[in-house]
Peer 1: 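Pasting a structure below so you can have a look.
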Number of protein chains: 2
Amino acid sequence: MSLTQIQYFVAVAEEENVTRAARRLHVSQPPLSRQLLKLEDELGAALFDRAAAGDKRMQLSPEGRTFLEHARRILAEVEAAEQSVKTSGGLRGT
Amino acid sequence: MSLTQIQYFVAVAEEENVTRAARRLHVSQPPLSRQLLKLEDELGAALFDRAAAGDKRMQLSPEGRTFLEHARRILAEVEAAEQSVKTSGGLRGT
DNA sequence: ACGACCCAGATCCAAAGGGTATTGGACCGC
DNA sequence: GCGGTCCAATACCCTTTGGATCTGGGTCGT
C-alpha cells in the first residue's frame, strides 16, 4: 500500500468515476485503474462495486466505505506532518 | 513522501543508527541513507543532527522529533486501515 | 598507525509506475 | 439489430524509482 494508491482511491471514491478522477489527479485512466485493482488485491477485498450492472458508477462497497474514512485520516495526517516540519524548520534558513 | 520513507525514518530515529535500522528493516544501509536524505530534502528540513561531530549517533533534530510523532500516527493509521478492511472483508472468501 | 565502525556517494540492475493504444461490455438513438 | 458513445480493464513500452554492492572520508579505541 502506498500513499499514492490512497490518494487515487479517495479521488475515485469521490468522483465515482475512474476517468474523471484521473483527470482530477492529472494521470491517465489506465494507471489509475491498475492501482485500484492492486490496492484491492493487497487488501484482499473489493473496495468498489463494479458488478452493479446497468449502473456505470464506481460505487463503494461496504469495505470501501470503511476504508475511505481511514484513507482520509491518513492523508490528513500526512499533510499535518509536512506542515509541522515546514513550519518549525522553515523559519530559520535564508 | 512515501510510507516506506516514513517507516525508514522511524526505524532510524529509534535506533539512532542507520546501519542497525537497515538490518532491522532488511534493507542495506545505502538505500536507507538515501531515502532519509531524500525525505529531509522534500521536507526542507534536517530531521537528524549529523553535524554532532564526535558523536556517531543519528540524533533527531527538533524538527525530527516533531515529525516522529506524526510519522508514528500515520503508520498506526495505515495499519488500522488495513485491519479494518481485512476484518470486514475477510470473512467471506474461502 | 591500524582496525573497527559509521554515514554518504557512485554505479549497476531489477521493479514499479505512468503513458498510448486497444479491447470488451453496457447503454442509447436510430 | 447496428453504429455511436461511455467506461473500465488489458497489453505493451518506456522512464523513473529503489535496492544491492563497492568505495571513500571521517572518528574513535588500541
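All values below were derived from every heavy atom in this structure, side-chain atoms included, with hydrogens, water molecules and symmetry-related copies excluded.
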Peer 1: Answer with base, sugar-phosphate or nothing: what part of the nucleic acid does A:Leu36 contact at a heavy-atom distance below 4.0 Å?
Peer 2: nothing
Peer 1: Check the distance between D:dC7's P and A:Phe48's CZ and give it to me in whole angstrom.
Peer 2: 15 Å
Peer 1: Measure from the side chain of B:Arg34, starting at C-beta and using heavy atoms only, and say which of D:dC22, D:dA8, D:dA20 lies closest.
Peer 2: D:dA20
Peer 1: For DNA chain C, find the residues of residues 6-19 of chain B with a heavy-atom distance under 4.0 Å and give them by number; none if there aren't any.
Peer 2: B:Asn17, B:Val18, B:Thr19
Peer 1: Looking at the side chain of A:Leu37, which of D:dT17, D:dT10, D:dG19 is the nearest nucleotide?
Peer 2: D:dT10
Peer 1: Looking only at the side chain of B:Pro30 (C-beta and beyond, no hydrogens), which of the listed nucleotides D:dT17, D:dC22, D:dA9 gets closest?
Peer 2: D:dC22
Peer 1: Identify whether A:Val12 and A:Val10 are in the same connected component of the hydrophobic contact network (ILVMFWY, side-chain heavy atoms under 4.5 Å).
Peer 2: yes
Peer 1: Send over the distance from A:Gln29 CD to C:dG24 C1', rounded to a whole Å.
Peer 2: 13 Å
Peer 1: With a 4.5 Å limit on heavy-atom distance, are the side chains of B:Lys38 and B:Glu42 in contact?
Peer 2: yes
Peer 1: Treating B:Ser61 as the side-chain partner and B:Ala46 as the backbone partner, does any N or O pair qualify as donor plus acceptor under 3.5 Å?
Peer 2: yes
Peer 1: Of the candidate nucleotides D:dT17, D:dT21, C:dC7, which contains the atom at the shortest distance from the side chain of B:Met58?
Peer 2: C:dC7
Peer 1: Does A:Glu63 come within less than 4.0 Å of B:Lys86, counting only side-chain N to carboxylate O?
Peer 2: no
Peer 1: Return the value, rounded to whole Å, for the distance between atom CD of A:Glu42 and atom C1' of C:dA16.
Peer 2: 12 Å
Peer 1: Looking only at side-chain atoms of A:Arg50, point me to the closest of C:dC7, D:dG18, D:dA9.
Peer 2: D:dA9
Peer 1: Using a 4.0 Å cut-off on heavy atoms, which residues in residues 21-28 of chain B reach DNA chain D? List them by number, or say none.
Peer 2: B:Val27, B:Ser28
Peer 1: Would you compute the distance between atom CG of B:Leu60 and atom CD of B:Glu16 and round it to the nearest 0.5 angstrom?
Peer 2: 7.0 Å
Peer 1: Taking atom P of C:dG9 as reference, at what distance in whole Å does atom CG of B:Asp41 sit?
Peer 2: 11 Å
Peer 1: Can you name the residues that form a ring-ring contact (aromatic ring centres under 6.0 Å, His included) with A:Tyr8, not counting sequence neighbours?
Peer 2: none
Peer 1: So if I take every side-chain heavy atom of A:Thr4 and compare against C:dT20, C:dG18, D:dA20, which nucleotide ends up nearest?
Peer 2: C:dG18
Peer 1: Answer yes if the ring centres of B:Phe48 and B:Phe67 are under 6.0 angstrom apart, and no otherwise.
Peer 2: no
Peer 1: Show, in sequence, the C-alpha distance, side-chain angles and deciding distance for B:Arg72 and B:Glu14, and conclude whether the salt bridge (charged side-chain N to carboxylate O under 4.0 Å, His left out) test is met.
Peer 2: CA-CA 11 Å; B:Arg72 285 183 168 136; B:Glu14 290 176 351; 3.0 Å; yes
Peer 1: Taking C-beta and beyond as the side chain, do A:Ile6 and A:Met1 meet within less than 4.5 Å on heavy atoms?
Peer 2: yes
Peer 1: Tell me: CE of A:Met1 to P of C:dA16, nearest whole Å?
Peer 2: 17 Å
Peer 1: Grab the CG-P distance between B:Leu32 and D:dT17 for me, whole Å please.
Peer 2: 19 Å
Peer 1: Quickly work out the A:Lys38 NZ to C:dG18 P distance and round it to whole Å.
Peer 2: 9 Å
